[in-house]
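Please read the structure below before turning to the comments.
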Amino acid sequence: MLDPKQLRSEIDAVKANLARRGFELDVAQFNDLESTRKRLRVEVDGLRQARNERSKSIGQAKAKGQDIAPLLAEVGQLGDQLAKGEQALKQVEAALEHLVAGIPNLLHPEVPDGRDETNNVELRRWGTPREFDFEVLDHIALGEAGGGIDFDVAAQIAGSRFAVLRGNIARLQRALIQFMLDVHTGEHGYTEVYVPYLVSDRALFGTGQLPKFADDLFAIDGDVDLRLIPTAEVPVTNLVRDQILDAEVLPLKFVAHTPCFRSEAGSYGKDTRGMIRQHQFEKVELVHVVAPAMAAAALEELTANAEAILRQLELPYRVVALCAGDIGFGACRTYDLEVWLPGQQKYREISSCSNCADFQARRMLARYRDRDTGKPALVHTLNGSGVAAGRALIAVMENYQQADGTIKVPAVLQPYMGGRTTLEVE
RNA sequence: GGAGAGGUGCCGGAGUGGUCGAACGGGCUUGAUUCGAAAUCAAGUGUACGGCUUGCCGUACCGUGGGUUCGAAUCCCACCCUCUCCGCCA
């Protein structure tokens with residue numbers, strides 16, 4: 001959520017910033033609602049003041065044993081006026097909140113222009129895609145050949161966009177997850193957390209998935225009102241909701257492994273084959289909660305932490321800065337990590353690292369006590385995949401495949417695979 | 001699933017209709033004392049929104065939402081959450 005004060009005082013600048021995303025802010029509607037709100041607010045406050053003063057004098061008169069009937073008559077009609085004013089104010093405030101809750105975050109000035117992913121800017125590349133002296137297979141062929149990935153049986157059980165992993169491939173994904181958690185906790189200073197996979201709408205509002213993106217979420221059909229998490233970002237970031245943190249505890253750095261559930265509404269026909277885009281996938285997520293001054297540096301750190309995973313796995317990747325039109329609702333700046341997939345001869349997203357500044361903090365009411373002012377101030381939140389395990393599995397399979405259909409195990413994963421160096425075709 | 005208790009400020013904890021934004025204690029900040037510290041003493045210490053003479057004033061907030069009342073932290077209703085005991089259970 002944007003700062004209401006900023007919306008009031010700099011609405012044109014806000015509008016211009018959001019226009020870069022392709023978001024059109026209805027300034028007239030906002031100004032209209034805001035001025036009505038203010039007028040009603042002053043009116044209602046005044047009425048309440050009058051009522052409070054009279055009520056107080058009734059109490060005093062009563063205590064002295066005086067006749068209170070004239071006072072009661074005087075205050076009588078104030079109540080009706082007040083009730084009417086309060087009703088109108090409530091309506092306007094609700095409309096205003098609805099409007100403001102649907103406005104995306106302001107973009108950082110360095111975000112490149114552009115409408116969609118074709119305008120994203122490559123910042124750097126690491127590693128060199130391997131030269132193969134045989135015909136490379138994609139993960140689907142590799143998985144089906146060895147029986148490690150079974151889309152057909154998954155479809156029987158749950159429908160399309162699910163996969164069943166078996167044997168060494170299932171274990172390889174688990175190895176990737178364990179490896180990532182160990183690196184982030186052991187080398188990067190993160191605290192591992194285990195969190196709910198079902199969350200309340202409040203939590204989803206806090207991180208910005210609601211109210212606008214309900215279609216992307218799975219809701220459970222029962223007597224409790226919960227939805228499946230689309231990313232660990234939701235429960236992990238909400239760890240600091242409704243709090244005033246001591247400045248000394250910042251920065252907080254959390255890592256969590258969770259499954260993620262996405263309905264992928266509106267993505268029909270996109271990546272329908274294979275494990276790239278599933279309703280359910282595993283991810284290791286990184287979250288930073290920092291003082292505002294540290295946010296920019298934290299984004300670089302978090303991105304570097306995710307990159308370290310790909311480097312240790314020796315997977316070629318590139319880093320791109322998302323352009324204005326491709327940045328998510330709550331982020332002011334985002335870097336994507338794209339891993340090389342030989343099966344597609346393309347770099348594909350495997351991590352997305354975002355600085356949300358105070359956007360989520362304001363929705364969650366997550367604050368810290370500023371040392372200089374002594375006042376509570378909003379924290380800044382950042383999140384990024386470190387990294388998506390399902391896609392990492394694909395990347396390892398495709399990049400480490402051999403002519404005979406076997407897959408070499410990356411050196412750093414071997415301890416997690418019982419010392420095995422090669423996965424046989426089963 | 002059954003029975004009970006409870007949700008108040010940074011924390012603990014009073015408060016059952018009026019002068020309660022809220023006693024008291026702890027914490028924290030500042031000052032006094034000290035060579036310094038501890039101890040002690042004194043003062044201060046919530047959040048949000050709004051008004052204007054920028055320092056004050058006003059309004060709201062005691063789990064959430066309704067209701068009763070001139071007036072609600074306090075009474076009534078619904079809901080949410082937490083805890084304890086019993087049962088069941090990975």
Side-chain angles (χ1 to χ4, degrees), chain A residues 1-9 11 30-31 33-101 194-206 210 220 222-227 235 238-250 252 259 289 291 358 361-379:
Chain A
M1 206 133 68
L2 300 184
D3 182 358
K5 282 185 190 134
Q6 189 179 18
L7 275 170
R8 281 179 227 132
S9 60
I11 186 103
F30 177 83
N31 285 338
L33 284 168
E34 176 54 29
S35 62
T36 307
R37 184 194 68 82
K38 196 158 176 173
R39 200 196 73 232
L40 286 168
R41 181 76 206 212
V42 171
E43 187 183 313
V44 165
D45 275 4
L47 284 168
R48 268 203 278 249
Q49 184 183 1
R51 187 204 62 188
N52 288 349
E53 282 167 358
R54 281 164 184 70
S55 289
K56 197 174 273 189
S57 62
I58 288 173
Q60 287 165 348
K62 217 173 163 185
K64 291 179 195 159
Q66 296 167 342
D67 180 21
I68 59 169
L71 286 165
L72 284 177
E74 191 186 340
V75 79
Q77 64 176 7
L78 271 176
D80 300 339
Q81 263 180 285
L82 185 58
K84 243 187 252 172
E86 279 174 338
Q87 184 68 24
L89 180 61
K90 211 165 138 186
Q91 258 175 25
V92 171
E93 280 179 340
L96 200 55
E97 196 190 313
H98 179 77
L99 177 70
V100 173
Y194 170 80
V195 292
Y197 303 160
L198 290 165
V199 294
S200 67
D201 286 1
R202 255 164 66 84
L204 287 156
F205 178 86
L210 289 180
I220 65 163
D223 50 4
V224 283
D225 235 0
L226 296 170
R227 297 180 211 254
N238 273 280
L239 285 173
V240 296
R241 71 171 300 121
D242 294 320
Q243 288 184 59
I244 301 174
L245 301 161
D246 287 333
E248 300 87 72
V249 308
L250 303 179
L252 291 169
V289 178
D358 62 10
R362 190 171 289 108
R363 295 166 89 98
M364 295 189 301
L365 220 63
R367 296 167 295 176
Y368 75 106
R369 195 165 292 280
D370 186 286
R371 277 211 195 86
D372 298 330
T373 64
K375 295 277 183 190
L378 295 168
V379 297

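Side chains included, hydrogens not; waters and symmetry mates left out as well; all remaining heavy atoms used. Convention: sequence-line order gives letters A, B, ...; per-chain numbering from 1.
For the OP1/OP2 pair of B:U47 and a distance below 4.0 Å, the side-chain nitrogens and oxygens of A:Arg367 include no atom meeting the criterion. Dashed line: the shortest gap from a side-chain N or O of A:Asn52 to OP1 or OP2 of B:G71 is not under 4.0 Å. Put simply, A:Lys5 has no side-chain N or O that comes within less than 4.0 Å of OP1 or OP2 on B:A48. Look at A:Lys90 and you'll find a side-chain N or O under 4.0 angstrom from OP1 or OP2 of B:G66.
Within a 6.0 Å radius of CD in A:Glu97, other residues, nucleotides and ligands contribute 12 heavy atoms or fewer.
When the P atom is compared between B:G26 and B:C62, the two are found 27 Å apart, to the nearest whole Å. Taking atom P on both nucleotides, B:G6 is separated from B:A22 by 26 Å, rounded to a whole Å. Remark: the separation of the P atoms in B:G65 and B:U8 is 16 Å, to the nearest Å. Distance noted for atom P between B:U53 and B:A39: 48 Å (whole Å). For B:G44 and B:C35, the P atoms lie 28 Å apart once the distance is rounded to whole Å. Here, B:G58 and B:U64 have their P atoms 24 Å apart, quoted to the whole Å. For B:G27 and B:C11, the C1' atoms lie 7 Å apart once the distance is rounded to whole Å. Comparing B:G9 with B:G18, their C1' atoms are spaced 22 Å from each other, to the whole Å.
Here B:U59 is the nucleotide among B:U59, B:A60, B:G50 with the atom lying nearest to any side-chain atom of A:Asp45. Residue A:Arg8 has its side chain nearest to B:C49 when only B:G58, B:G18, B:C49 are considered. The listed nucleotides are B:G18, B:A60, B:U59; the one nearest the side chain of A:Ile58 is B:G18. Side chain of A:Ser55, nearest nucleotide from B:C10, B:C49, B:G71: B:G71.
Rounded to an integer number of Å, the gap from CG of A:Leu365 to C1' of B:C49 is 14 Å. Look at CZ on A:Arg39: it is 15 Å from C1' on B:G50, rounded to the nearest Å.
Looking only at side-chain heavy atoms (C-beta outward), A:Leu245 and A:Val379 come within less than 4.5 Å of each other.
Look at A:Glu34 and A:Arg37 and you find a salt bridge, because one of the NZ, NE, NH1 or NH2 atoms lies within 4.0 Å of a carboxylate O, short of that distance.
Using the Watson-Crick or G-U wobble rule with both distances under 3.5 Å, B:U33 pairs with nothing in any strand shown. Partner assigned to B:C61 is B:G46, using Watson-Crick or G-U wobble distances below 3.5 angstrom.
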